[in-house]
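So the structure is just underneath, and the comments pick up after that.
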Amino acid sequence: MKKNLLIISLCLLHCFNALAYKLTAYIPDNNPTGTGVIVCPGGSYFWLDKKTEGQGVAQWLCDNGIAAFVLEYSHGGWGAFAFHVRTPGRSFPAGFNDLKRAFEEVRANAREYGVRTDRIGCMGFSAGGHLVMHAAEQMANDSVCPFFVAPMYPVVSMTHPCTHKRSRRGLLGESQKQILRDSLSLEHHVPQNCPPVFLMNCNDDPIVHYHNAELLDSALTANNIPHHYEHYETGGHGFGATAAKTTPEAIVWKERFLEWLYALIGKD
């Protein structure tokens, strides 16, 4: 009995810790382009893969002369996942508000970080991919609109049969109103002034069905949004920038992204 109470207490403690906003900077010695990237790890909106999709990605960007900022945004927590409970402030729009706050923080400290205020983009993985793409759609008319967004093997739809139901529950909680599901289905809300998008996923993804990314690619194409879609047959899910966690085919995304980014900067 005491052991069960301890487990429950630890899970509930994680629920509250999941509310903590944290932004960790990785600043290169030399950033010739003045580019900064806010990195949003995945984790089904219940937890965050801080190591592989956070630290690993940020260090890779930093090693390539790009400032990176790992965002630990509000999410459900293991307790919510295990016990189907909901604590106010964890569900939508908490994570989105955290991302807006991160943009404001990086912009406010741009000189210290060595970045240009007009070259701050964001990259997200899985549920983090949903978060950054939602930000692109909602912030298109804001002064803090991302320079670009890079949703990687992203969760996209909250209504289509390919929906990743765990992420939907993590984002919206146990009570999911249809109006929220509709408003957070990214394929239906791409604005005409959406920032450029770099999109990547794998056909053999065992977690988030590849059709999510195809829906977003189709929506971006229909709205004439500049974007690049890297679509691999193999590679799986959750690998971030770590070659050992995916296939030689899929890890090429890192080279393709840098090529795309430098071409985008050249047009800026």
Side-chain angles (χ1 to χ4, degrees), residues 37 39-64 66 68 70 121-134 136 148-171 185-187 190 196-222 225-264:
V37 181
V39 179
C40 297
S44 302
Y45 281 116
F46 275 115
W47 48 82
L48 299 178
D49 184 357
K50 300 175 187 178
K51 184 176 181 180
T52 299
E53 296 176 346
Q55 300 164 10
V57 172
Q59 189 59 59
W60 162 68
L61 289 167
C62 185
D63 290 344
N64 282 276
I66 299 169
V70 178
C122 52
M123 175 182 290
F125 297 81
S126 193
H130 181 275
L131 176 60
V132 300
M133 190 63 213
H134 177 66
F148 69 85
V149 289
M152 320 299 279
Y153 41 83
V155 173
V156 172
S157 185
M158 294 289 153
T159 56
H160 194 276
C162 70
T163 295
H164 187 239
K165 294 180 181 178
R166 185 170 66 218
S167 290
R168 184 170 65 189
R169 183 164 71 90
L171 179 63
S185 292
L186 307 178
E187 71 274 23
V190 174
V197 178
F198 182 95
L199 175 63
M200 181 274 285
N201 78 311
C202 304
N203 266 355
D204 66 348
D205 190 324
I207 307 297
V208 176
H209 196 283
Y210 70 87
H211 194 50
N212 276 267
E214 290 185 337
L215 287 172
L216 181 55
D217 173 56
S218 295
L220 292 168
T221 300
I225 304 303
H227 71 289
H228 179 82
Y229 183 22
E230 286 288 306
H231 190 184
Y232 303 113
E233 289 296 325
T234 64
H237 188 88
F239 47 88
T242 306
K245 293 193 173 187
T246 187
T247 62
E249 176 191 14
I251 201 62
V252 174
W253 82 262
K254 297 194 296 183
E255 298 173 26
R256 298 291 175 265
F257 170 76
L258 292 176
E259 293 168 357
W260 176 84
L261 178 61
Y262 295 141
L264 180 64

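Computed from heavy atoms alone, side chains included, the values below leave out hydrogens, waters and symmetry copies.
Under a 3.5 Å cut-off, the side chain of Trp253 and the backbone N or O of Gly240 do form a donor-acceptor pair. For the pair Asp49 (side chain) and Gly43 (backbone), a donor-acceptor distance under 3.5 Å is absent. Between the side chain of Asn212 and the main chain of Cys162, a donor-acceptor pair closer than 3.5 Å is present. Although no hydrogens or angles enter the test, the distance criterion places no donor-acceptor pair under 3.5 Å between the side chain of Thr163 and the main chain of Lys165.
Among residues two or more places apart in sequence or in another chain, the ring-ring contact (aromatic ring centres under 6.0 Å, His included) test is passed with His134 by Phe92, Phe96. Applying the side-chain contact (heavy atoms from CB on, under 4.5 Å) criterion to Thr246, with sequence neighbours excluded, gives Phe239, Ala250, Ile251. Qualifying ring-ring contact (aromatic ring centres under 6.0 Å, His included) partners for His237, counting only residues two or more places apart in sequence or in other chains: Tyr153. Under the ring-ring contact (aromatic ring centres under 6.0 Å, His included) criterion, Tyr262 pairs with no residue, sequence neighbours left out. Scanning for side chain to side chain donor-acceptor pair (under 3.5 Å) contacts around Asp217 gives His227, with sequence neighbours left out.
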Q: Please assess His164 against Ile207 for the test side chain to side chain contact (heavy atoms under 4.5 Å, CB included), listing each intermediate value before the final yes or no.
A: CA-CA 8 Å; His164 187 239; Ile207 307 297; 3.6 Å; yes

Q. Can you list the steps and then say if Thr247 with Tyr232 is a side chain to side chain contact (heavy atoms under 4.5 Å, CB included)?
A. CA-CA 10 Å; Thr247 62; Tyr232 303 113; over 6 Å; no

Q: Evaluate the criterion side chain to side chain contact (heavy atoms under 4.5 Å, CB included) for residue pair His231 and Asn201; output intermediate values, then yes/no.
A: CA-CA 5 Å; His231 190 184; Asn201 78 311; 3.4 Å; yes

**Q.** Trace of the side chain to side chain contact (heavy atoms under 4.5 Å, CB included) decision for Met133 with Val197
**A.** CA-CA 9 Å; Met133 190 63 213; Val197 178; 4.2 Å; yes

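Side-chain contact between Val208 and Phe125 is absent, with no heavy atoms from C-beta onward closer than 4.5 Å. In this structure, the side chains of Val57 and Val37 stay at 4.5 Å or more apart for every pair of heavy atoms. Side-chain contact between His228 and Phe257 is absent, with no heavy-atom pair separated by less than 4.5 Å. Counting heavy atoms from C-beta on, the side chains of Glu187 and Thr159 come closer than 4.5 Å. Two residues are said to be in side-chain contact when any heavy atoms from C-beta on lie closer than 4.5 Å; Tyr45 and Leu131 meet this criterion. Side-chain contact between Val132 and Met123: absent, with no pair of heavy atoms (C-beta onward) separated by less than 4.5 Å.
In this structure, Pro41 and Gly54 approach most closely via the heavy-atom pair CG-CA, 3.9 Å. The two residues Val70 and Ala58 have their closest heavy-atom pair at CG2-CB, 3.5 Å. When every heavy atom of Gly42 is checked against every heavy atom of Ser126, the shortest pair comes out as CA-CB, 4.3 Å.
Contacts classified as salt bridge (Lys or Arg N to Asp or Glu O under 4.0 Å) and involving residues 228-254 (residues at least two apart or in different chains) are not found.
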